[in-house]
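Working notes, beginning with the structure itself.
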Amino acid sequence: MKILVIDDEYLAVENLVEVIKEIDPFADIYPFTSAKSLLSFAENNLCDIAFMETKMSDMHGISLAKKLKTINPVINIIFVTS
């Protein structure tokens, strides 16, 4: 399973990555702190799930989710927030 994780706070990303690793140690996890970087990666790499913060400094999570769905219509999106 290929999983994207994005939050503009590095520590939040690291914490979520650790939780996912505990649940699925064999998952391929791709962490990001920038929406632009995630979208660039997603254009060339189809992933199964995206965990994303709703409020980020460079792009709102809802807007990012819409763009991600345009790139990969079958991706599952899970919003997380602190």
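Residue pairs meeting the ring-ring contact (aromatic ring centres under 6.0 Å, His included) criterion with at least one partner in residues 50-82, sequence neighbours excluded, do not occur; the list is empty. Residue pairs that meet the side-chain hydrogen bond (donor to acceptor under 3.5 Å, both in side chains) test with at least one member in residues 39-51, sequence neighbours left out, do not exist here.
Judged by distance alone, the side chain of Asp58 and the main-chain N or O of Ala35 form a donor-acceptor pair under 3.5 Å. A side-chain donor-acceptor contact under 3.5 Å links Asn72 to the backbone of Cys47.
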N/O donor to acceptor pairs below 3.5 angstrom from side-chain atoms of residues 64-71, sequence neighbours left out:
from, atom 1, to, atom 2, distance (Å)
Lys69, NZ, Pro73, O, 3.0
Lys69, NZ, Ile75, O, 2.7
Thr70, OG1, Lys66, O, 3.0

Name the atoms and distances for all side-chain donor-acceptor pairs under 3.5 Å in residues 9-23, with sequence neighbours left out.
from, atom 1, to, atom 2, distance (Å)
Tyr10, OH, Glu14, OE2, 3.2
Asn15, ND2, Leu11, O, 3.3

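Ile77 and Val5 fall into different hydrophobic clusters, where Ile, Leu, Val, Met, Phe, Trp and Tyr side chains are chained together by heavy-atom contacts under 4.5 Å. Using a 4.5 Å cut-off between side-chain heavy atoms of Ile, Leu, Val, Met, Phe, Trp and Tyr, with links allowed through other members, Met56 and Phe41 fall into the same hydrophobic cluster. Both Ile62 and Met59 are assigned to one and the same hydrophobic cluster, defined by single-linkage of ILVMFWY side chains at heavy-atom distances under 4.5 Å. Clustering ILVMFWY residues whenever any of their side-chain heavy atoms sit less than 4.5 angstrom apart, transitively, puts Ile29 in a cluster other than the one holding Leu46.
Distance OG/Ser34 to CG/Leu39: 8.5 Å, rounded to 0.5 Å. In this structure, CG in Asp7 is found 9.0 Å from OG1 in Thr33, a value given to the nearest 0.5 Å.
Nearest heavy atom pair, residue Ala27 against residue Ile3, reads CB-CD1, 3.9 Å.
For Asn76, the side-chain contact (heavy atoms from CB on, under 4.5 Å) partners at least two apart in sequence or on another chain are Ile49. Qualifying side-chain contact (heavy atoms from CB on, under 4.5 Å) partners for Thr81, counting only residues two or more places apart in sequence or in other chains: Glu53, Thr54.
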